[in-house]
Amino acid sequence: MVARYNPQEIEKKWQQKWADDRLYEVSEDESRPKWYALTMFPYTSGDLHIGHWYAMAPSDVHARFKRMQGYNVLHPMGFDAFGLPAENAAIKRGVHPFKWTMQNIDNMRRQLKSIGAIYDWSREVITCLPDYYKWTQWFFLKLYEHGLAYRGKAPVNWCPTCQTVLANEQVVDGFCERCHSAVSQRDLEQWFFKITKYADELMAHNTIDWPERIKIMQKNWVGKSVGTEISFALDHPAVDDKEIKVFTTRPDTIFGVTFMVLAPEHPLVSKLTAPEKKTEVSEYIKRSQRQTEIERLATDKEKDGVFIGSYVVNRLNNEKVPIWVADYVLLSYGTGAVMAVPAHDERDFAFAKKYKLPIRVVIAPPDWQGKELAEAYIEDGTMVNSGQFNGLPSKQGIEAVSDFLEEKGWGGRAVSYRLRDWLISRQRYWGAPIPMIYCPKCGIVPVPEKDLPVLLPEDAEFKPSGESPLKYNEKFINTTCPRCGEAAKRETDTMDTFMCSSWYFLRYASPSYDTAPFDSDKVKHWLPVDLYTGGAEHAVMHLLYARFFIKALRDMGLVGFGEPFSRLFNQGIIIAEKQKMSKSRGNVITPDEYVSELGADTVRAYLMFVAPWEQGGEWNDSGISGISRWLNRLWKLVLAEYHPSDRVSPETSKKAERELARITHQTIRRVSEDLERLRLNTMIAALMELTNYLTKASERGEVSQPAQKEAIDSLLRLLAPTTPHLAEELWQKTGHSYSIHNQRWPGWDKELARDEEITLVIQINGKLRDRITVPASITEEEAKKVALTREKIKAYLEGKKVSQIIYVPGRLVNLVVR
RNA sequence: GCCGAAGUGGCGGAAUAGGCAGACGCGACAGUCUCAAAAACUGUUGAAGGGCAACCUUCGUGUCGGUUCGAGCCCGACCUUCGGCACCA
C-alpha cells in the first residue's frame, strides 16, 4: 500500500527546506543567460484573493520553466504600498496607515509564500518605506532638473462641505462619497510631468512584443491627430492678442465657418464678453463648471452655449465670425477654441440648428444638387463656395489651404494629442512627499539630494473629512530655504502612486543599494524585464507611465534602454457564479481555504487548466476536484511498484517501448511549446494525457522496468514548474537526489517523437467517407492508390467520374467527382 | 457613437500556414466494489434517424451570403456578449 498524497504535509516541508537552502535566491551569474520574469506587484489591500493567485501562479510556472531551461531567473516580489485605502482605513477605523499597510503586508507575504513560488524574498521592495520613497523623490528631482516637471493649474474635485479635494473614485455621480454634497471643480497649482514630450515615441511599439490590443489602446490614449492650426483675426480693445488660434483636421472646410466656439475656461472669454452679455455668460460658465462631473455621465447631452458679443475675422474670406462659448469644447485639447463648420461637423450642425446659425455647404457630397443638408456631411468631397480652392477634392484641399495659410503666416500644419501631461500632485497624506520648498524670497526650491528623504511625519492627525494631515503639521511644513536659509514652507502634496510603480522593477536589481536608486551594473545585467505579466486594467496608466519614465531616464543617461518590458502578457480575470468577485456580492473565492484543503499545487494547476490564461474563466469547485483526482492518480502511478509482465513477447515489448518513447517525447514537445507560448490549459491537458497513457501502459506491463522509469522521470520534470512540491516529493521518493528544481528541462528527440503510422482521411467532394491507418512514410502515389481501392470508396464512385484528386501529405486524399 | 476582443456539446474549453470538429476536464447516465453511502475504478455521453451487431446515414462551430476540391478558421453584411475611450474639433 502506497502512502496517501498529503499535500499539506509535503508542501509545508518543501517550502521550509527551499527557504532554508535559499534555493531561489539569485545573484548575477555570467555563465548563464539571465531571465527577468516580473509579475505586477500587488497593492497592499490586506488579503490575497484568487485573482492574485491567477496573476502569480502561472507566471511562477513560466519562470520555473525558464529556470530549468538553464536561465538565471530573477523573479522578485514586492508591494505597492502607498494609496488612498490606507488613509480611508485610518479615518474609518483609527488605524495609522503605516500600521494598516505593514499588517496587510505581513499577511499577504504569508499568503504569497503559500503559492510555492520561486520569489527571491531577499529582494522584496515596499514602496512606502523611506529607503524606497527616498528614491522616488530623487526621481522627481531629476525630472525637475531636466525640465520634465513643471507647475501648472489644474482642476480638482472639490467638496465644499468637507473642505477637501476628492479623488475621482470618491465622487459618486457628481456627489461626495462621504457627505453627499455636490462636488465642484476648483483650480489648484499642481505638479505635472511632461509625458507629452514623448507622445510620438510612446505610440511606437515596434521593438517590443506586446499584445496588439494593448498597443492599440495606448495609441488611442495618446490620440495623435494631424491637422492645421489656423488663426482668426481679432481686434478688441480689451485684448492685446490680435488673433485666436484654432486646431482643425479639416482646413478644407475653412470657408464654411459660421461661428467660433471657445471652451468655458478659455482665458479670453471674460475679456471678450460684451458688457450686456456678462451676466448670461458668467452664469453659463458657472453652470457648466458645476455640471461637468454630473453631466459627463450623460453622453448625448444637448449642446448648448452662449454668444459672447464679440467677433473674429476669417482671414480667407474676411467674414465676421461671431464667438460663442460652449462646454462641448475642451480647454485641454487643441487650443481650446474651435472653428465651427456646421455643414461638415455633427456637433456644430446640432449647435447651429439650435441657435439658428447659418449652415453653409463648402464640401459637396458626390451627387449634391445644391440643396440644404439634412445632417452634417463629414466625409470627403469637392470644395465649393471656397473662393480660389473651388473644385479641389478634400484631400488636396487640406494641403492647398495649409500651404496657403503657411505662406500668409496665418497658421500652419500642427499636431494635436489627446494625451495630457501627467498630473502627479495628490492632496493626500499616504504618499511620497513631493520634495519641494516654497521660499518667499527664492521661490520654488528643490530639496537638495543630500536632504532626502523628505520623511512623511508619523504623528498625523486624521480628520473625518479626509483632508490631508500634512497641511496642519507645523513641524513638517515649516523649514528653511536651502538656498537662502530663511524660513520657508514645504510642499504638502504627495505623489501619485503610479510614480512609485514606474520604477520599482529597477529597484529589484539592487534592492538595498543606498547611494543611488539602483546599481547601474546590476540594472545593466537584469533589465529590461523579459516577461512582464499582469492585468489589462493597467494597459494605459501604469504601462504608459513606466515607459515614459524609462525613456526619460534613458535621455538622462541613467539607463541604456528605452523600453522597460520586452514582452508583455495580460491574464484574464477569474469570476465566480458568472460574475466578477466582490465583497458586496459575497462570491469571493479565498485561496487560503482551498490551499489548506487541497494544496497549493492543486490550486496552481487548476488555475492554469480552467481556461486560456489571457482569457480568464469561472472558478468551479467540481472543476478543481478534477485536478485533485488527477494528481492523486499520478501520485499512485508514480509510487506503485511496476512489474513487467512475463507473458509478453520481445517484439511486443519492443513495440510498446517505442510507443512509450514516442508519446513521452511528443508530450515533452507539447508541454515545452505550450509553456513558451503561455498556453497553460493545453499544457495541463498534455500532462494529463501522458498520465492516463502511463497508467494504462503500467497495467499492460509490456515495457521494461528502465523504460517505464525513464518515462516517469520525464513526467516528473515536466510537472516540476506546475506542481513544484508534488514533483519534488515524488522525485525524492523515486530515488533521485535533491532537488528536481535544479534539474535540466527534458529535451525531445525528433526521431523518437515521430509518428510511425497516421490516419489517412479519404474525402469525396470534401466529405469524409473513410479512414485508413497507413505508414507515415506513405507516398502520394500509394495514398491515392489505397484510396481508390477501398471497397467503401468504390461504392461511392459507382457510375461517377473522378475529375481531380487532391492529396495533403500526412492528412488526406480528396476525390473530386461528378 | 468610436476602437478592440470573442461567439464551438448540458458546462469550462480543444482543434487556425483552410484539411478527421468536440482533445483534456467537469457534469450526467450505467456498471464494479459496499449492508448502504461516500471515495475509487470501468464504460457511455453533440443532435436526429437506421441496424441483431462491429457499425451506417443525415445535420451540426451566433445569423445570412460568398470564395474554395474542402471553411469553426478566409471575405462581405448583420446579431449578441465582454473590455477600452467617451463631445478630441
Side-chain angles (χ1 to χ4, degrees), chain A residues 211-221 223-225 227-228 246-250 253 260-261 263 295-303 326-330 332-341 344-348 350-351 378 416-420 536-537 539-540 570 572-573 575 580 606 609-612 614-627 629-630 632-633 636 670 679 681-689 691-692 695 758-771 792 802-817:
Chain A
E212 216 45 49
R213 205 165 42 104
I214 304 296
K215 293 196 272 187
I216 289 168
M217 273 194 226
Q218 291 203 337
K219 267 185 202 148
N220 292 344
W221 189 265
K224 181 179 185 171
S225 66
T228 306
V246 299
F247 174 81
T248 180
T249 53
R250 293 295 300 273
T253 64
M260 174 181 276
V261 188
E295 292 281 304
R296 192 152 286 169
L297 295 161
T299 345
D300 38 309
K301 185 190 122 194
E302 199 176 284
K303 317 257 167 293
D327 62 8
Y328 76 89
V329 173
L330 310 173
S332 53
Y333 186 76
T335 60
V338 164
M339 62 176 217
V341 185
H344 306 293
D345 181 279
E346 283 167 4
R347 293 154 303 181
D348 299 344
F351 197 84
I378 58 171
S416 212
Y417 297 92
R418 208 192 77 106
L419 180 73
R420 301 173 203 171
E537 67 273 19
V540 279
N570 293 117
I573 343 174
I575 56 168
K580 223 172 160 170
Y606 176 60
F609 185 62
V610 68
E614 73 258 52
Q615 184 190 305
E618 189 179 348
W619 182 273
N620 182 310
D621 278 359
S622 54
I624 197 171
S625 71
I627 295 290
R629 281 201 279 251
W630 165 51
N632 273 294
R633 266 198 336 267
K636 281 185 222 156
R670 284 171 67 188
R679 300 173 38 135
N681 55 332
T682 50
M683 176 203 68
I684 302 283
L687 290 170
M688 286 174 167
E689 280 179 66
T691 312
N692 293 346
T695 307
I758 54 156
T759 304
L760 186 71
V761 164
I762 303 172
Q763 297 182 337
I764 292 175
N765 291 339
K767 285 202 169 181
L768 176 91
R769 291 305 178 194
D770 202 2
R771 275 181 256 253
K792 248 180 104 172
V802 177
S803 63
Q804 198 186 345
I805 304 179
I806 287 151
Y807 174 68
V808 183
R811 292 195 188 269
L812 59 81
V813 175
N814 186 17
L815 307 172
V816 185
V817 305

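We name chains A, B, ... by the order of the sequence lines, and we start the count at 1 in each one.
Residue contacts for A:Val808: at a heavy-atom cut-off of 4.0 Å it reaches a base atom on one of the strands shown. As judged by a 4.0 angstrom heavy-atom cut-off over every strand, A:Glu537 is placed among residues making no nucleic acid contact. Among the atoms of the strands shown, base atoms are found under 4.0 Å from some heavy atom of A:Val338. Nucleic acid contact for A:Arg420: base, since at least one base atom lies under 4.0 Å from a heavy atom of the residue. Within 4.0 Å (heavy atoms only), A:Asn692 reaches sugar-phosphate atoms of the nucleic acid but no base atom. Residue contacts for A:Gly223: at a heavy-atom cut-off of 4.0 Å it reaches no nucleic acid atom on any strand shown. Heavy atoms of A:Glu618 sit nowhere under 4.0 angstrom from any nucleic acid atom. Nucleic acid contact class of A:Trp630 (heavy atoms, under 4.0 Å, all strands): none. When heavy atoms are screened at a 4.0 angstrom cut-off, A:Lys219 is found touching no nucleic acid atom at all. Within 4.0 Å (heavy atoms only), A:Arg418 reaches at least one base atom of the nucleic acid. If you check every strand for non-hydrogen atoms under 4.0 Å, A:Arg213 touches sugar and phosphate atoms only. When heavy atoms are screened at a 4.0 angstrom cut-off, A:Val341 is found touching no nucleic acid atom at all. Residue A:Leu812 is classed as a base contact, given a heavy-atom separation below 4.0 Å to a base.
Residue A:Leu768 is the one, among A:Ser622 and A:Leu768, whose nearest nucleotide of RNA chain B lies closer to the 5' end (criterion: closest heavy atom). Sequence order on RNA chain B of the closest nucleotides to A:Lys792 and A:Arg679 puts A:Arg679 first from the 5' end.
When the nucleotides B:A89, B:G12, B:G70 are ranked by their closest atom to the side chain of A:Asn814, B:G70 comes out on top. Across B:C69, B:G12, B:A23, the shortest atom-to-atom separation from the side chain of A:Ala685 is found for B:A23. Distances from the side chain of A:Ala611 to the nucleotides B:G27, B:G13, B:G19 place B:G13 closest. Of the candidate nucleotides B:C20, B:A14, B:G25, B:G25 has the atom lying nearest to any side-chain atom of A:Arg633. Out of B:A89, B:G13, B:A21, the shortest distance to the side chain of A:Phe247 is found at B:A89. Picking from B:U58, B:C59, B:A89 the nucleotide with the shortest atom distance to the side chain of A:Lys767 gives B:C59. Nearest to the side-chain atoms of A:Leu330 among the listed nucleotides B:C3, B:C88, B:A14 stands B:C88.
Straight-line distance between the P atoms of B:G66 and B:G72: roughly 15 Å, to the nearest whole Å. For the P atoms, the distance linking B:U42 with B:C52 amounts to 32 Å, nearest Å. Across the P atoms, B:A14 and B:C74 are found 16 Å apart, a figure rounded to whole Å. Between B:A37 and B:G31, the two P atoms lie 11 Å apart (nearest whole Å). Rounded to whole Å, the C1' atom of B:U16 lies 12 Å from the corresponding atom of B:A21. For the P atoms, the distance from B:C78 to B:G1 is 12 Å, rounded to whole Å. Spacing of C1' atoms, B:C73 relative to B:G18, comes out at 7 Å, to the nearest Å. If you take atom P in B:U8 and the same atom in B:U81, they sit 14 Å apart, rounded to whole Å.
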**OP:** Could you go through the side chain to side chain contact (heavy atoms under 4.5 Å, CB included) check for A:Asn620 and A:Val610 one step at a time?
**Re:** CA-CA 8 Å; A:Asn620 182 310; A:Val610 68; 5.8 Å; no
Original post:
Given the rule in the side-chain hydrogen bond (donor to acceptor under 3.5 Å, both in side chains) test, do A:Asn692 and A:Arg633 qualify, once you have shown the distances and angles that lead to the verdict?
Top reply: CA-CA 9 Å; A:Asn692 293 346; A:Arg633 266 198 336 267; 2.9 Å; yes
**OP:** Could you walk me through whether A:Lys792 and A:Ile762 pass side chain to side chain contact (heavy atoms under 4.5 Å, CB included), step by step?
**Re:** CA-CA 10 Å; A:Lys792 248 180 104 172; A:Ile762 303 172; over 6 Å; no
**OP:** Show the numbers, then the answer: is there a side chain to side chain contact (heavy atoms under 4.5 Å, CB included) between A:Thr253 and A:Met339?
**Re:** CA-CA 10 Å; A:Thr253 64; A:Met339 62 176 217; 3.6 Å; yes
**OP:** Could you walk me through whether A:Val338 and A:Tyr328 pass the side chain to side chain contact (heavy atoms under 4.5 Å, CB included) test, one step at a time?
**Re:** CA-CA 10 Å; A:Val338 164; A:Tyr328 76 89; 5.5 Å; no
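A 3.5 Å limit on both hydrogen-bonding distances identifies B:U81 as the Watson-Crick or G-U partner of B:A5. Look at B:G25: its Watson-Crick or wobble partner, with both distances under 3.5 angstrom, is B:C11. In this structure, B:C74 and B:G66 make a Watson-Crick or G-U wobble pair, each of the two defining distances being under 3.5 angstrom. Searching all strands for a Watson-Crick or G-U wobble partner of B:C35 with both distances below 3.5 Å returns nothing. Here B:A30 sits opposite B:U42 as a Watson-Crick or G-U wobble pair (both hydrogen-bonding atom distances under 3.5 Å).
A:Asp345 places no side-chain N or O within donor-acceptor distance of the main-chain N or O of A:Ala340, the cut-off being under 3.5 Å. Distance alone, capped at 3.5 Å, places no donor-acceptor pair between the A:Ser416 side chain and the A:Ser225 backbone.
Of the side-chain N and O atoms in A:Ser416, none sit less than 4.0 angstrom from OP1 or OP2 of B:A89. Taking side-chain N and O atoms only, A:Arg670 has no distance below 4.0 Å to OP1 or OP2 of B:C24.
Base orientation for B:G46: anti, the chi torsion being more than 90° from 0.
In this structure the side chain of A:Ile378 reaches within 4.5 angstrom of the side chain of A:Glu346, judged on heavy atoms.
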